[in-house]
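Treat the numbers as computed from the prediction; the structure is a model and nothing was measured. Just so you know, these numbers use all the heavy atoms, side chains as well, and skip hydrogens, waters and symmetry mates.
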Amino acid sequence: MTEKLLIIGGVAGGATAAARARRLNEETQIVMFERGPYISFANCGLPYHIGGIIKKREDLVITTAEMFQKRFRVDVRIHTEVLAIDRHNGSVRVKNLETGEEYVEKYERLILSPGAEPIRPPCKGIDGENIFTLRNIPDMDRINAYLDKGSPAAAVVVGGGFIGLEMAENLVFRGIKTTVIEKLDQVMSPLDMDMANFVHAHVKEKGVDLILGDGICAFEENDGRMMVKTDGGKSISCDMAVMSVGIKPETRLAMDAGLALGETGAILVDTTMRTSDPNIYAVGDAVEVHDFITGRKTMTALAGPANKQGRIAADNVMGRAQVFFGTLGTAIVKIFDLTVAQTGMNEKTAGKGGTPYLVSYTHSGSHAGYYPGGETISMKLLFAPHTGRILGAQVVGKDGVDKRIDVIATAIYAKMTVFDLQNLELAYAPPYGSAKDPINIAGYVASNILKNDVENIHVHELAALDPEQYVLLDVRSRIELKLSGHLKGALHIHIDDLRDRLAELDRDKIYITYCAVGYRAYLAYRMLVQNGFAAKNLSGGYETYMMAKA
């Protein structure tokens, strides 16, 4: 008898599993159930169609049920919901949402890819017809229909994560005055505050009103407009709202079937993506996986890991032993002219888990300075204190951020150290990079810390310093001071004059050297300590200070 494989849910996890299973076995009967009308679509592209950047709606549909069925000979049943799993009898109860018909389908193996659903907080008025979520193409269609018909002048986006900020950007592109409300004190929680401040400054510059540290409590109507009420007592008038406060894994089927859930509340799977039932696998946003660096349990709602898990589950179903090695949570987002990316650990996760770490900041050019169009790439690197193993990175800039975060993610996966970053031979031509790439520079700076070639002090430590003992030493040019300001009480000596003016310094003081981004301050630090002075270097320089204090 030909084995039957059922797959519940499509998109990145389920559709990938179905295609992979067919490539490995021509004889297996494969049935895929999808509750909606689309088995595979580019959900990451949805905001950009709303904003008019992706012009054609059909470009978001990766494949149709008919195309998939013809190419892979998979029995695709759209508009079909699986109501229950009967593990004892190896069957599922299914409902055709178009006809209302219910029936039972048998299986030998089952792959769950139910995904996740948007969180809708229990607020007064939350079910209003002009309050939207964005998770799939029908959601996008509803938003576009409202925009085209209602011509809203103002919108509120609730939630400052990836989707929330992408929606804010694209609503602005549609000419809509937009306010973002975020309950945390920063947007994009995978970033540390000092790096998130780059985003805060940029979205405000683009005209987005940003309300941080405040949640919503109600939606009310006033003179034909919607009033969004916040916990902090604010009232924002708008015509529409988009809820983007997060997602939760869809685990109802798994729970009702008695499958084990993990400590995060998602479906428990092993490294082969097998659930607590040996005949059932699960993949995607609904499963609990482990962090690649720490081994701790986590969830990740990213297309890349879901795609890999779908392939791995299919391999194991078909007898090919494969394992999922864990996730780094590598992600990137475009926010107007800014690109923001992160991978691995941040300071919050490292501190929460008790992982020892050191931090370095660098601000490097995206390509050679003499070639026009270069932009600053700001990079925060986390690494282990003794070994230098790379733990995580956050990168913000306008150009070249994507390839740098990918190099760091690859380096973490390969368990490389900051010393390895110094030696990487990366592509260089003036339009694309520098002879010393920002990755190399990050490696040099972090390695200097580990080799005790520099002793850094971070921005958040400045406030506790005794002004009788410590002296801030600004080594930038006078024109830089006039243009961008300086730290209060700082002594100014240009780096090129410092060696000749050492006699003016007090050997009983500790000097905190700083410049714009750190290089000249490092030179000043080396000059001072080799001439018998006590010194520390302000990591990341004045630019990091300004962003941290924004």
Side-chain angles (χ1 to χ4, degrees), residues 2-18 21 28-41 43 64-66 68-69 72 74-120 127 133 135-139 142 247-262 264-269 273-288 299 301 306 309-310 313-314 317:
T2 301
E3 185 175 80
K4 181 188 283 189
L5 168 65
L6 303 186
I7 299 173
I8 302 175
V11 200
T16 296
T28 294
Q29 184 182 355
I30 304 173
V31 182
M32 181 164 61
F33 302 102
E34 172 54 50
R35 191 165 44 195
Y38 303 99
I39 63 162
S40 186
F41 62 92
N43 49 1
T64 65
E66 294 78 11
F68 197 87
Q69 190 158 321
F72 295 106
V74 171
D75 183 356
V76 180
R77 303 179 191 178
I78 58 174
H79 299 295
T80 304
E81 182 176 9
V82 175
L83 302 176
I85 301 170
D86 183 348
R87 293 164 53 202
H88 178 73
N89 291 305
S91 65
V92 297
R93 185 162 54 89
V94 185
K95 181 177 182 179
N96 184 316
L97 298 178
E98 293 183 315
T99 65
E101 175 197 3
E102 293 189 16
Y103 59 93
V104 171
E105 193 80 32
K106 300 285 286 184
Y107 70 84
E108 276 77 44
R109 295 288 187 274
L110 178 67
I111 296 177
L112 282 169
S113 181
E117 58 183 336
I119 295 171
R120 293 179 72 91
D127 295 322
T133 58
R135 189 66 178 160
N136 51 42
I137 288 180
D139 289 343
R142 283 189 286 271
I247 58 174
K248 58 182 178 180
E250 289 204 28
T251 58
R252 182 193 59 80
L253 270 179
M255 289 176 61
D256 291 350
L259 296 177
L261 301 185
T264 63
I267 301 170
L268 182 68
V269 293
M273 309 312 299
R274 192 193 302 260
T275 69
S276 54
D277 185 315
N279 294 317
I280 301 177
Y281 292 75
V283 301
D285 297 356
V287 304
E288 178 178 274
M299 294 184 295
Q309 292 162 15
V317 164

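Across every non-hydrogen atom of G265 and P249, the tightest pair is O-CG, 4.3 Å. When all heavy atoms of L253 and V82 are compared, the closest pair comes out as CD2-O, 3.6 Å. Closest of all the heavy-atom pairs between V283 and A313 is CG1-CB, 3.7 Å. Between V287 and M299, the shortest heavy-atom contact is O-CG, 3.9 Å. Heavy-atom minimum distance, G115 versus D285: C-CB, 3.9 Å. Residues G10 and S113 approach most closely at O-OG, 3.7 Å, considering heavy atoms.
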Practice task
Just do the side chain to side chain contact (heavy atoms under 4.5 Å, CB included) check on L112 and I85 with the steps written out, would you?
Solution key: CA-CA 10 Å; L112 282 169; I85 301 170; 4.0 Å; yes
Practice task
Start with the C-alpha gap between R135 and I247, add the side-chain angles, then the distance that decides, and say whether side chain to side chain contact (heavy atoms under 4.5 Å, CB included) holds.
Solution key: CA-CA 10 Å; R135 189 66 178 160; I247 58 174; 4.0 Å; yes
Practice task
Take E81 and R35, measure what salt bridge (Lys or Arg N to Asp or Glu O under 4.0 Å) needs, and give me the verdict at the end.
Solution key: CA-CA 5 Å; E81 182 176 9; R35 191 165 44 195; 3.8 Å; yes
Practice task
Could you walk me through whether V104 and V94 pass the side chain to side chain contact (heavy atoms under 4.5 Å, CB included) test, one step at a time?
Solution key: CA-CA 6 Å; V104 171; V94 185; over 6 Å; no
Practice task
For the pair I280 and Y107, evaluate side chain to side chain contact (heavy atoms under 4.5 Å, CB included) and give the outcome as yes or no after the intermediate values.
Solution key: CA-CA 10 Å; I280 301 177; Y107 70 84; 3.7 Å; yes
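Taking CD of E105 as the reference point, atom CG of D86 lies at 13.5 Å (rounded to 0.5 Å). Remark: N96 CG to F33 CZ distance equals 10.5 Å, nearest 0.5 Å. One distance of note links CE of M32 with CZ of F72; it measures 9.5 Å at 0.5 Å rounding. One finds the OG1 atom of T80 at 9.5 Å from the CD atom of E101 (value rounded to the nearest 0.5 Å). To the nearest 0.5 angstrom, T251 atom OG1 is 10.5 Å from L259 atom CG. Within the model, atoms CD of E117 and OG1 of T133 stand 10.0 Å from one another, a figure rounded to the nearest 0.5 Å.
In this structure, the side chain of Q69 engages the main chain of V76 through a donor-acceptor pair within 3.5 Å. Under a 3.5 Å cut-off, the side chain of K4 and the backbone N or O of L110 do not form any donor-acceptor pair. In this structure, the side chain of E3 does not engage the main chain of T28 through any donor-acceptor pair within 3.5 Å. Remark: the backbone N or O of D277 is paired with a side-chain donor or acceptor of T275 at under 3.5 angstrom. At distances below 3.5 Å, at least one donor-acceptor pair connects side-chain atoms of S276 with backbone N or O atoms of A260. A donor-acceptor pair under 3.5 Å links the side-chain atoms of R252 to the main chain of L83, judged by distance alone. Of the possible donor and acceptor atoms, none in the side chain of T16 sits under 3.5 Å from a partner among the backbone N and O of G14.
Relative orientation of the F41 and Y38 rings is perpendicular, given thresholds of 30° and 60° on the angle between their planes.
V31 is not listed as a side-chain neighbour of I7, based on a closest heavy-atom distance of 4.5 Å or more.
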